[in-house]
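Structure first, commentary second.
Every number for a ligand or one of its atoms is a count from 1 in the order of the listing.
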Amino acid sequence: MRPVLRAASIVGARPQFLKYFPLARAAERHNMEHPQKPVSDILIHTGQHYDYAMSRIFFEELGIREPEYHLGVGSGGHGAQTGEVMARTEQVLIKERPDMVIVFGDTNSTLGGALAASKLHIPVAHIEAGLRSYNKKMPEEVNRVLTDHVSSYLFCPGETAIGNLRKEGFKIRSDSGGGAASADNPLVVNVGDIMHEVLLHSMEIAGKSPVLDSFSLKSKGYFLLTLHRAENTDDPERFREIASFVNDVSGGKTVIFPVHPRTGKLLENGNPFGENIKITGPMGHFDLLKLLSESALVLTDSGGLQKEAFWLEVPCITLREETEWVETVESGWNILYKDYTGPHSPSAPNTCYGDGKAAGRIISVLAGGR
Ligand code: UD1
């Protein structure tokens, strides 16, 4: 039977593999429940992330199928990387002519994929739409603003994102059904956060991870640190400032620091972190979640970890000047490093960002009316 929707999903960077997982599962569920209206997709991996520990491990852990296309874009300057994603995606889209292109988050793969589709007049669905840091020096901010403005379907993780889009002139329609949306008349919907569903799934498996023993750690006896954003790693002075903040806050307590390759390269030129900060390679999803859930505090510049900490009720310090995930700060679970004055032990509810069923809503909107 011909699918009612034949989409192309574009992934390329580590968090996008995680965000794709619940969508694929929701599509499978939809097809079991509505065999007369099946949906399908072609999975395109741009190759922005290519190391085993940055890419393949997530496919293996979550059982994500092999992508139909692997574009092998690799690393490069922002222009070169985004341009390669665009050019190579365009070739696939011309050949496959999908009904829709689905992009996730705010990476160069998101923007390259969205632009390629938009110029071929293929509707774009943006998952994690409407987030804003209001700092256009961040490549991610440029990527997400531009992607939103060429998208036909904007799936927001929460009410703040909806409000951000309203400020930019998007009309928020009350009807979330029906397939009739276009880039000129987009559909903006709060579906909740797609990462929540990944967390609910993965924590069941992560609970069995032996990672604490492998680092000789006790529950709540250590901190977790991640640091990879260009804004923190491109400027050596800024990098040293962040390191000195982390050294101070840790007060000699063990800090586990799984390093992203970009940060790893920087550390080869000198390590400004104290001896209590244990540097290790990038981790798989399950080990990282286990480490996070048992840590007393997480210090991070990752968007995903801010929310995972929030859901797991682990206090978080965000190593940035601002965050898109403002609800995590408003609730007291997350604090920007410049506002940090001492240990925080919040107790506010962490129930914004939906109920962990975002992917099912997205599939029913996309398949609806077809
Ligand atoms: C990208 C996203 C960022 C996201 C992050 C998740 C953009 C602009 N940024 O940042 O929003 O939070 O992914 O991890 O798209 N590298 C390797 N091996 C790999 C991948 C990268 O060594 O498998 C190195 C590259 O050589 C490069 C550096 O890491 O020097 C940065 O990689 P890149 O994909 O450009 O951006 P990220 O920092 O990962």
Could you pull out all residues at least two apart from Ile335 that satisfy side chain to side chain contact (heavy atoms under 4.5 Å, CB included)? Ile317, Asp339, Tyr340, His344
Under-4.0 Å salt bridge between Glu128 and Lys19: yes
Inter- and intrachain pairs under ring pair (Phe, Tyr, Trp, His ring centres under 6.0 Å), touching residues 99-145, at least two apart: none
Could you go through Thr107 and Gln16, starting from their C-alpha distance and side-chain angles, then the distance that decides it, and tell me whether this counts as side chain to side chain donor-acceptor pair (under 3.5 Å)? CA-CA 9 Å; Thr107 74; Gln16 292 166 331; 2.9 Å; yes
Mind jotting down which residue pairs meet the side-chain hydrogen bond (donor to acceptor under 3.5 Å, both in side chains) criterion with at least one end in residues 204-215? Sequence neighbours excluded, please. Ser209-Asp287
Joint hydrophobic cluster, Leu43 plus Ile10, side-chain heavy atoms closer than 4.5 Å: no
Heavy atoms under 4.0 Å from ligand 1: which residues qualify? Ala13, Arg14, Pro15, Gln48, His49, Tyr50, Asp51, Met54, Ser75, His78, Gln81, Asp106, Thr107, Asn108, Pro139, Glu140, Asn143, His228, Arg229, His260, Pro261, Arg262, Lys265
